[in-house]
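Inspection log for the structure reproduced underneath, given as structure tokens.
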Amino acid sequence: MDSLESIRWSAVALAPDLMLASGILLLIIVGLIWRNAGLFHGIALAVTGIAFAWELLRWSVGNEPAVLFNGVIKTGDFVVFLNLIISLGGILTVIMTWLSTRPQQRLPEYYALILAVILGAHLLVMSESLLMLFIALELISICSYVLAAFAFDKSATEGSLKYFVFGSVASAVMIYGFSLLYGMSGTLTFTSIEFVQGIAEQPLPLFLAASLFSLAGFLYKVAAAPMHPWVPDVYEGAPMPVVAFFSVVPKVAGFGILCKFITILNMRGFPDWQLILGVVTIATLTVGNFSALWQKNVKRLMAYSSIAQSGFLLVAVVAFSANGYQYFLFYASVYLLITFLVFLYLQEFENIGVTTIADYSGTGKSFLWPAIFLLVGMIALTGLPPTAGFTAKLFVFSTLWDGYSVTGKSLLLWVLVFGLLNTVVALFYYLRIPYFAFVRPATDAPAENNFTKTNLLGAILVFLILLLFFKPGLLMGWINKINFVP
């Protein structure tokens, strides 16, 4: 009876996730009967909205860490906050799809896959077991492979195939690492004392190999170097709402579990995981920013931008401090708002045939509001005031400086210097689109400066981005309540 009660209580705690699962089934069933696009948009928006509202309610009443289903998953403030970001990303993806003038084919299947990725992301950040961690990652990955092809053209198919092949190899390497860790520790629960004691007793070469194989899967999911080559082709071929979704939801979930997993591995004391992650961070920043300089296609530019942003998120993680994890949450929240603002207007311009940077020539005069809002988004991604992007970068760099001041580790100073230099590099490619839009000669396109529904959503996102620059305490007040416990 106690076991049944535990399962019942665990199921209640997973109400948002059960809602997502129910939404997937509802979309599939309704899709067999009706073919009404508005109905599918409404169902997807309602399901993601309810999931977000439930997580918000759970946050407001307090959420003490709770182990569910005999230690397979665990909830807590850190998890709930990440789930809020993930669910909000789902809501904005649905809205972007709804606002797109390009009709999306197979909407029931499309939204069912979106909800499945959100469900997988929720389960991933809650995972306490290597088995659940792998299942959640594969749920995200397999659905993402299909979503990447939803433009239904040659470019999308090619990107999806590359994504699948690369992801399959990464998953195989990762599960081999998991099997080694399980063999060393004798338990699947990677947050348990038995796991830590088990890996501490093993020879260093075996432990290092198992850990690096496991880490490969996380780096693949967050698009960090050297597991990043799939990103440009996938972003170029996928529909714009899917690209925005990929830029935030799987990435935030991957970073959430990475924070937990790397903290556990670091308890062994050796090797120096801060050094390993620091090298990965520098490589990711450098590859992402310098590769973006040579891009002409907007989607490919944003793909390398996404890789670079993974590097900035890693900057917060590599500090290995409570402040670092809190600033990671702030950066992830701000990154969500900025990313959807930018992709919302890249979609607007794509709808009129603007796909390369040169195509933006003169659009600042022809399409004033979209160009202005896109300019704000690009400034925010660069990390310039008066946007929250500046505040987010200031926070993550300050935690590196604090760590260097306390420990004296030169690695943290090197990461800080490389991060600042890469921010300067980012300035050159992020502002290329606004330069073409406002400085280059205008085309013969007629002026379209009406304030549309898209501009209303854009105005809300811009307001929030500016507000969090002037009032970062509104968000940090929430985040400071979180006690990160792996």
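Treat the numbers as computed from the prediction; the structure is a model and nothing was measured. Starting from 1, each residue takes its place in the sequence as its number.
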Self-check item: Atom CZ of Phe418: over 12 foreign heavy atoms under 6.0 Å
Solution: no
Quiz item: Counting only heavy atoms not in Phe290, do more than 12 sit closer than 6.0 Å to its CZ atom?
Solution: no
Quiz item: What pair of heavy atoms forms the shortest contact from Ala210 to Leu180, and how long is it?
Solution: CB-CB, 3.5 Å
Self-check item: Heavy-atom check, side chain of Phe463 versus side chain of Leu337, under 4.5 Å
Solution: no
Quiz item: Any donor and acceptor pair, going by atom type alone, linking the side chain of Lys251 with main-chain N or O of Ala223 inside 3.5 Å?
Solution: no
Quiz item: Within 45° of the axis and under 6.0 Å from the centre of the six-membered ring of Tyr331, does NZ or CZ of Lys393 qualify?
Solution: no
Quiz item: Rounded to the nearest 0.5 Å, how far does CG of Leu123 lie from CG of Leu133?
Solution: 10.5 Å
Practice problem: Report the distance from atom OG1 of Thr281 to atom CD1 of Ile276, rounding to the nearest 0.5 Å. | Solution: 11.5 Å
Quiz item: Minimum heavy-atom separation for Thr93 to Gly89, with atom names?
Solution: OG1-O, 2.7 Å
Quiz item: Quick one: are Val72 and Leu188 in side-chain contact, heavy atoms under 4.5 Å?
Solution: no
Quiz item: What's the shortest heavy-atom distance between Leu219 and Pro226, and which atoms?
Solution: CD1-CD, 4.4 Å
Quiz item: Under 6.0 Å from the OH atom of Tyr182, do we count more than 12 heavy atoms belonging to anything else shown?
Solution: no
Exercise. Taking Lys74 for its side chain and Val79 for its backbone only, find out whether a donor-acceptor pair lies under 3.5 Å.
Key: no
Self-check item: Close aromatic pair by centroid cut-off 6.0 Å: Trp294 and Tyr429
Solution: no
Quiz item: According to the interplanar angle, ranging from 0 to 90°, do the rings of Tyr325 and Phe78 count as parallel (below 30°), tilted (30 to 60°) or perpendicular (above 60°)?
Solution: perpendicular
Self-check item: Pair Glu236 + Lys299: basic N to acidic O under 4.0 Å
Solution: no
Exercise. Search all heavy atoms of Leu412 against all heavy atoms of Gly403 and return the closest pair with its distance.
Key: CD1-C, 3.5 Å
Exercise. Output the distance between atom CD1 (Ile135) and atom OG (Ser127), rounded to the nearest 0.5 Å.
Key: 8.5 Å
Exercise. Hey, can you tell me if Tyr235 and Phe343 have their rings parallel, tilted or perpendicular (30° and 60° cut-offs)?
Key: perpendicular
Practice problem: Measure the shortest side-chain to side-chain distance between Tyr163 and Val146 over non-hydrogen atoms and say whether it is less than 4.5 angstrom. | Solution: no
Quiz item: With distance as the sole criterion, is a donor-acceptor pair present between the side chains of His228 and Ser310 under 3.5 Å?
Solution: no
Quiz item: Do other residues, nucleotides or ligands put more than 12 heavy atoms under 6.0 Å from Ile193 CD1?
Solution: no
Quiz prompt | Polar side-chain atom of Ser306 near backbone of Met302 as donor-acceptor pair, under 3.5 Å | solution = no
Quiz item: Checking Gln274 side chain against Val318 main chain: does a donor-acceptor pair fall under 3.5 Å?
Solution: yes
Quiz item: Got Leu375 and Phe438 here, is their nearest side-chain heavy-atom distance under 4.5 Å?
Solution: yes
Self-check item: Separation between CD of Gln309 and CG of Asn289, rounded to the nearest 0.5 Å
Solution: 8.0 Å
Quiz item: Is there a ring-ring contact (aromatic ring centres under 6.0 Å, His included) between Tyr327 and Phe395 once you walk through the steps?
Solution: CA-CA 6 Å; Tyr327 292 153; Phe395 282 166; 4.8 Å; yes
Self-check item: Phe330 side chain reached by Thr391 side chain, heavy atoms, under 4.5 Å
Solution: yes
Quiz item: Is a donor on one side and an acceptor on the other found under 3.5 Å between the side chain of Glu55 and the backbone of Ala51?
Solution: no
Self-check item: Residues, nucleotides or ligands: over 12 heavy atoms within 6.0 Å of Met96 CE
Solution: yes
Quiz item: Run the side chain to side chain contact (heavy atoms under 4.5 Å, CB included) check on Thr399 and Ser321 step by step: do they pass?
Solution: CA-CA 8 Å; Thr399 195; Ser321 65; 3.4 Å; yes
Practice problem: On the 0 to 90° scale, with breaks at 30° and 60°, tag the Tyr176-Phe213 ring pair as parallel, tilted or perpendicular. | Solution: tilted
Quiz prompt | Pair Glu138-Ser171, side chain to side chain donor-acceptor pair (under 3.5 Å): steps then yes or no | solution = CA-CA 8 Å; Glu138 286 304 287; Ser171 296; 2.6 Å; yes
Self-check item: Verdict with supporting geometry, Leu374 and Ile433, side chain to side chain contact (heavy atoms under 4.5 Å, CB included)
Solution: CA-CA 9 Å; Leu374 185 58; Ile433 292 177; 3.8 Å; yes
Practice problem: Indicate the ring-plane relationship of Phe207 and Trp273, choosing parallel, tilted or perpendicular according to the 30° and 60° boundaries. | Solution: perpendicular
Quiz item: Can any side-chain N or O of Thr382 pair as donor or acceptor with the backbone N or O of Leu384 at less than 3.5 Å?
Solution: no
Exercise. Report yes or no: does Asp272 contribute a side-chain atom to a donor-acceptor pair with the main-chain N or O of Leu275 at less than 3.5 Å?
Key: yes
Practice problem: Spell out, as yes or no, whether a donor-acceptor pair under 3.5 Å connects the side chain of Ser160 to the backbone of Ala148. | Solution: no
Exercise. For residues Gly311 and Leu285, report the shortest heavy-atom separation together with the two atoms involved.
Key: C-CD2, 3.7 Å
Practice problem: Drop me the distance from Ile175's CD1 to Leu130's CG, to the nearest 0.5 angstrom. | Solution: 10.0 Å
Quiz prompt | Stepwise side chain to side chain contact (heavy atoms under 4.5 Å, CB included) check, Val252 with Leu82 | solution = CA-CA 7 Å; Val252 169; Leu82 286 172; 3.7 Å; yes
Quiz item: Is Thr387 reaching over with its side chain to a backbone N or O of Gly383, donor-acceptor style, under 3.5 angstrom?
Solution: no
Quiz item: What are the two closest non-hydrogen atoms of Ser144 and Phe246, and how far apart are they?
Solution: O-CZ, 3.4 Å
Quiz item: When you measure from the side chain of Ser185 to the backbone N and O of Thr187, does any donor-acceptor pair fall under 3.5 Å?
Solution: yes
Exercise. Evaluate the ring planes of Phe178 and Phe134, with Trp represented by its six-membered ring, and classify them as parallel (under 30°), tilted (30 to 60°) or perpendicular (over 60°).
Key: perpendicular
Practice problem: Starting at OG of Ser333, measure out to CG of Leu468 and round the result to the nearest 0.5 Å. | Solution: 8.5 Å
Quiz item: Run the side chain to side chain contact (heavy atoms under 4.5 Å, CB included) check on Leu344 and Phe340 step by step: do they pass?
Solution: CA-CA 6 Å; Leu344 180 68; Phe340 276 96; 5.8 Å; no
